[in-house]
Amino acid sequence: MERLKLVLQYFQSNSESISNGICIILALVSVKLYTSFDFNCPCLPQYNKLYSLGVMIVPPIILFFLGVLVNRHTGVMMDEWMRPIGNRSKNPAVVKYLFSAMLQRALLAPMVWILVTLLDGKIFICAFSVSVDPGLFSGLPNNTGLDVVKIMAKVPCKEDIIFRNSSFRKAVSRYVRCYSQAVGWSILLFLIVLGALGRLIKPCFDDHATFLQTRYWSNYLDVEQKLFDETCVLHARDFARKCVVQFFEDIREDTVLRLPHPSSIANIREEEEHGEEKLHGITKQDQVDQLLNKWYYSKPELDVTRIAHRPRACVTWEDREGKTLYSEV
């Protein structure tokens, strides 16, 4: 249970971890879908290959677009790419980094599906059993009245009556499955070697300082969007609360004066001031629309100098003769 909590805390730590977790879940879902999928080959020469390629290609395409859809980097990348320049310049390297991160995560589940299908071999047998030379194997059922192409197309259907108690079908299936698994392991080996070479060679050609800057600003865009959404929710909640209270105050008929106890006056004033701080002086719909419009078309410049170097009051205590005793900031 403790390990599960640690895993959940890791995936909740930042959006990149959440994206990784979602992609891993999609990969596991793809394996589960394949194992629970009832694959039935048509066993017809004109449909075997079409059906098999459809099963091998269509689900990975669906999983890819699903990975693009649930990946948070997709929204951040598109917002950064499509936004007007305004007061903030665009950095193509950040968009490229976000696109690369999104693409890598979205391709995980489709690649898992393709590798699982190749290592299992059923789809490969259905697609290419017709292409096998029957002369390589003995025991071809030639007393069925069917031509060789139709017989080979029925190899994936082990329940077919022409292959009952026949070793020919098993031999052809093993032969094609070996090719399928060889292709699957070759693709897996190629991806692993490619990833390892990328890790080893990339530092030799890329400036690590530039990479750190790109990664920092890509994370900044994600965090900024989150904080803006959270601030909008808080502002909207307080704005709605004040609108509702104002509505009910306007429609009341009888005015009843209830004076608060002196001890609670300070608390009421403090709550009102806190509410006004949340609204930031924005009290009308037009002002909210203008503010959101300004945020989209001219995002603020990435400069917090005024806040970082805010002047601070320093109190110096002196004695009667004017000598400094100590100072407080």
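Ring geometry for Phe128 against Phe124 counts as tilted: the plane angle lies between 30° and 60°, on a 0 to 90° scale. Relative orientation of the Phe228 and Trp295 rings is parallel, given thresholds of 30° and 60° on the angle between their planes.
Pairs passing the side-chain hydrogen bond (donor to acceptor under 3.5 Å, both in side chains) check and including a residue from residues 40-49, sequence neighbours excluded, read Asp38-Asn40. Residue pairs meeting the ring-ring contact (aromatic ring centres under 6.0 Å, His included) criterion with at least one member in residues 169-190, sequence neighbours excluded: Phe137-Tyr175, Tyr175-Tyr179.
A donor-acceptor pair under 3.5 Å is absent between the side-chain atoms of Lys150 and the main chain of Leu44, judged by distance alone. Ser180 places no side-chain N or O within 3.5 Å of a backbone atom of Arg177 that could act as its donor or acceptor partner. Distance alone, capped at 3.5 Å, places no donor-acceptor pair between the Thr74 side chain and the Leu69 backbone. The backbone N or O of Leu279 lies less than 3.5 Å from a partner atom in the side chain of His235, making a donor-acceptor pair.
What you find for Lys284 and Phe239 is that their closest heavy atoms are N-CE1, 4.0 Å.
Within the 4.5 Å cutoff, the side chain of Tyr220 has heavy atoms near those of the Leu302 side chain.
For the pair Arg241 and Asp238, the salt-bridge criterion is met [side-chain N within less than 4.0 Å of a carboxylate O]. Glu224 and Arg88 are joined by a salt bridge, as a carboxylate oxygen and a charged side-chain nitrogen come within less than 4.0 angstrom of each other.
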inquiry  = Asn91 vs Val95, test: side-chain contact (heavy atoms from CB on, under 4.5 Å). Steps then yes/no.
reply    = CA-CA 7 Å; Asn91 188 352; Val95 177; over 6 Å; no
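In summary, the side chains of Asp229 and Gln225 do present a donor paired with an acceptor at a separation below 3.5 Å, with no hydrogens or angles considered.
Atom NZ of Lys299 sits in a crowded spot, with more than 12 heavy atoms from other residues, nucleotides or ligands closer than 6.0 Å. More than 12 heavy-atom neighbours from other residues, nucleotides or ligands sit within 6.0 angstrom of CZ on Phe37.
With Cys126, the cysteine Cys41 has an SG gap short of 2.5 Å.
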